[in-house]
Amino acid sequence: MFVKICGLSTAETVATAVQAGADAVGFVLTRSPRQVTPDTARRLAAAVPPQVLTVAVVAGADIATVRELVRDTGLRALQLHGDYTRADFAAVADLGLTLVRAVSYEAPDLRIGAYGEDLLLVDATEPGSGGAWDYAMLRGRGLGDGWILAGGLGVDTVADAIRLSGARGVDVSSGVESARGVKSEALIREFIAAARKVG
């Protein structure tokens, strides 16, 4: 089970996620309660071992801005969240990063690689909102191997969401927070353990 902890902003929570066994950690570089600067993302990612994927998460920024944001961070993956096109993905392919397409379950071409991405993250109708939804609608949809489930996941819901959807990966942000934008080290550890019990 691939587990990504997103929206991290402190050295302590990054270290907790890594020590608890996260496969990926995400840093939000565009407007959000969890936004960090590229400099902060670079500093936090520098302590992450190479086996853990460091992900730049962007939403609502044009591609020129995206390229500028990720250029000096040293992050190893780029997550384009929302209404990005095939042309947008093609325009960042030369960066040499693992590309993640994060979209609503209602998005067209809901299958890994349709836009040239390496990973597909499937979220609620409003990606990034943290709202729960009918995860079972994704089972048997032919999304490809290893797609990632997001939206409304938490310590108490992740196991059922995995079973209902058939996902082989999960992504969480607000579901491991003690307050909006404030990650809980305890909840990070509990979430990873709960996800790993299933798969």
Hey, are T37 and T40 close enough side-chain-wise for a donor-acceptor pair under 3.5 Å?
yes
Indicate yes or no: at least one non-hydrogen side-chain atom of Y84 is less than 4.5 angstrom from one of R101.
no
Please check if the side chain of D123 supplies one atom and the backbone of V103 the other of a donor-acceptor pair under 3.5 Å.
no
Are L121 and I112 connected in the hydrophobic side-chain network, where two residues link if heavy atoms are under 4.5 Å apart?
no
Out of curiosity, I162 CD1 to R196 CZ, how far, rounded to the nearest 0.5 Å?
9.5 Å
Under 4.5 Å between any side-chain heavy atoms of T98 and L78, yes or no?
no
Nearest heavy-atom pair of A194 and V158: which atoms, and what distance?
CB-CG1, 3.7 Å
For R139, side-chain hydrogen bond (donor to acceptor under 3.5 Å, both in side chains) partners two or more places apart:
none
Side chains of V70 and L29, heavy atoms from C-beta outward: is any pair under 4.5 Å?
yes
Applying side-chain hydrogen bond (donor to acceptor under 3.5 Å, both in side chains), can you list everything that pairs with D88, at least two apart in sequence or on another chain?
T85
Ignoring hydrogens, what is the shortest heavy-atom contact between A17 and I192? Give both atom names and the distance.
O-CD1, 3.9 Å
What's the spacing between F2 CZ and L119 CG if we round to 0.5 Å?
6.0 Å
Do Y135 side-chain atoms and D160 backbone N/O form a donor-acceptor pair below 3.5 Å?
no
Residues forming a side-chain hydrogen bond (donor to acceptor under 3.5 Å, both in side chains) with S9, sequence neighbours excluded:
none
If we ignore hydrogens and angles and just use 3.5 Å, is the side chain of E117 paired with the main-chain N or O of Y115 as donor and acceptor?
yes
Under the side chain to side chain contact (heavy atoms under 4.5 Å, CB included) test, residues paired with V57 that sit two or more places apart:
K4, C6, V28, V55, Q79, H81
Could you go through T13 and T16, starting from their C-alpha distance and side-chain angles, then the distance that decides it, and tell me whether this counts as side chain to side chain donor-acceptor pair (under 3.5 Å)?
CA-CA 5 Å; T13 53; T16 295; over 6 Å; no
Are F27 and L53 connected into the same hydrophobic cluster when the rule is that any two of I, L, V, M, F, W, Y join if their side-chain heavy atoms are below 4.5 Å apart?
no
So how far is it from S165 OG to D134 CG, rounded to the nearest 0.5 Å?
10.5 Å
Side-chain contact, heavy-atom cut-off 4.5 Å: D39 with D72?
no
Within a strict 4.5 Å, meaning less than it, do heavy atoms of the L143 and V122 side chains meet?
yes
Do M137 and V170 sit in the same hydrophobic cluster, where Ile, Leu, Val, Met, Phe, Trp and Tyr count as joined when their side-chain heavy atoms come under 4.5 Å apart?
yes
With the 4.5 Å side-chain cut-off for hydrophobic clustering, are L80 and L97 part of the same group?
yes
List the atom of A91, the atom of I63, and the distance in Å for their closest heavy-atom pair.
CB-CG2, 3.9 Å
In terms of heavy-atom contacts, A56 and L75 come closest through CB-CD1, 3.4 Å
Any side-chain hydrogen bond (donor to acceptor under 3.5 Å, both in side chains) involving residues 47-62? Give me the pairs, sequence neighbours left out, ordered by first then second residue.
D62-T65
Out of curiosity, L8 CG to I188 CD1, how far, rounded to the nearest 0.5 Å?
5.5 Å
Residues in salt bridge (Lys or Arg N to Asp or Glu O under 4.0 Å) with R111, at least two apart?
none
Side chains of L69 and T30: closer than 4.5 Å at any heavy-atom pair?
yes
Quick test of your reading: applying side-chain hydrogen bond (donor to acceptor under 3.5 Å, both in side chains), list the pairs with at least one residue in residues 148-158, sequence neighbours left out, ordered by first then second residue.
none
Determine whether V14 and I5 satisfy the following criterion, side chain to side chain contact (heavy atoms under 4.5 Å, CB included), listing intermediate values before the conclusion.
CA-CA 9 Å; V14 171; I5 307 295; over 6 Å; no
Among residues at least two apart in sequence or on other chains, which ones pass side-chain hydrogen bond (donor to acceptor under 3.5 Å, both in side chains) with R67?
D94
Mind checking what makes salt bridge (Lys or Arg N to Asp or Glu O under 4.0 Å) contact with E190, not counting sequence neighbours?
none
Report the C-alpha distance between D109 and R86 in whole Å, list the side-chain angles of each, state the deciding distance to 0.1 Å, and finish with yes or no for salt bridge (charged side-chain N to carboxylate O under 4.0 Å, His left out).
CA-CA 11 Å; D109 294 320; R86 286 185 176 84; 2.4 Å; yes
Co-membership, hydrophobic cluster, residues V198 and V155, 4.5 Å side-chain:
yes
Restricting to salt bridge (Lys or Arg N to Asp or Glu O under 4.0 Å), what partner residues turn up for R31, sequence neighbours left out?
none
Would you mind writing out the side-chain donor-acceptor pairs for residues 43-50 within the sub-3.5 Å range, not counting sequence neighbours?
none

Contacts of type ring pair (Phe, Tyr, Trp, His ring centres under 6.0 Å), residue Y105, not counting sequence neighbours
W133
V176 and L187: which non-hydrogen atoms are nearest, and at how many Å?
CG1-O, 3.6 Å
Given 3.5 Å as the limit, does a donor-acceptor pair link the side chain of R189 with the main chain of S184, or not?
no
Under 3.5 Å, is there a donor-acceptor pair between the S173 and K183 side chains?
yes
For residues R168 and G146, report the shortest heavy-atom separation together with the two atoms involved.
CB-CA, 4.1 Å
With no hydrogens and no angle check, is any side-chain donor or acceptor of D23 less than 3.5 Å from a backbone partner on V3?
yes
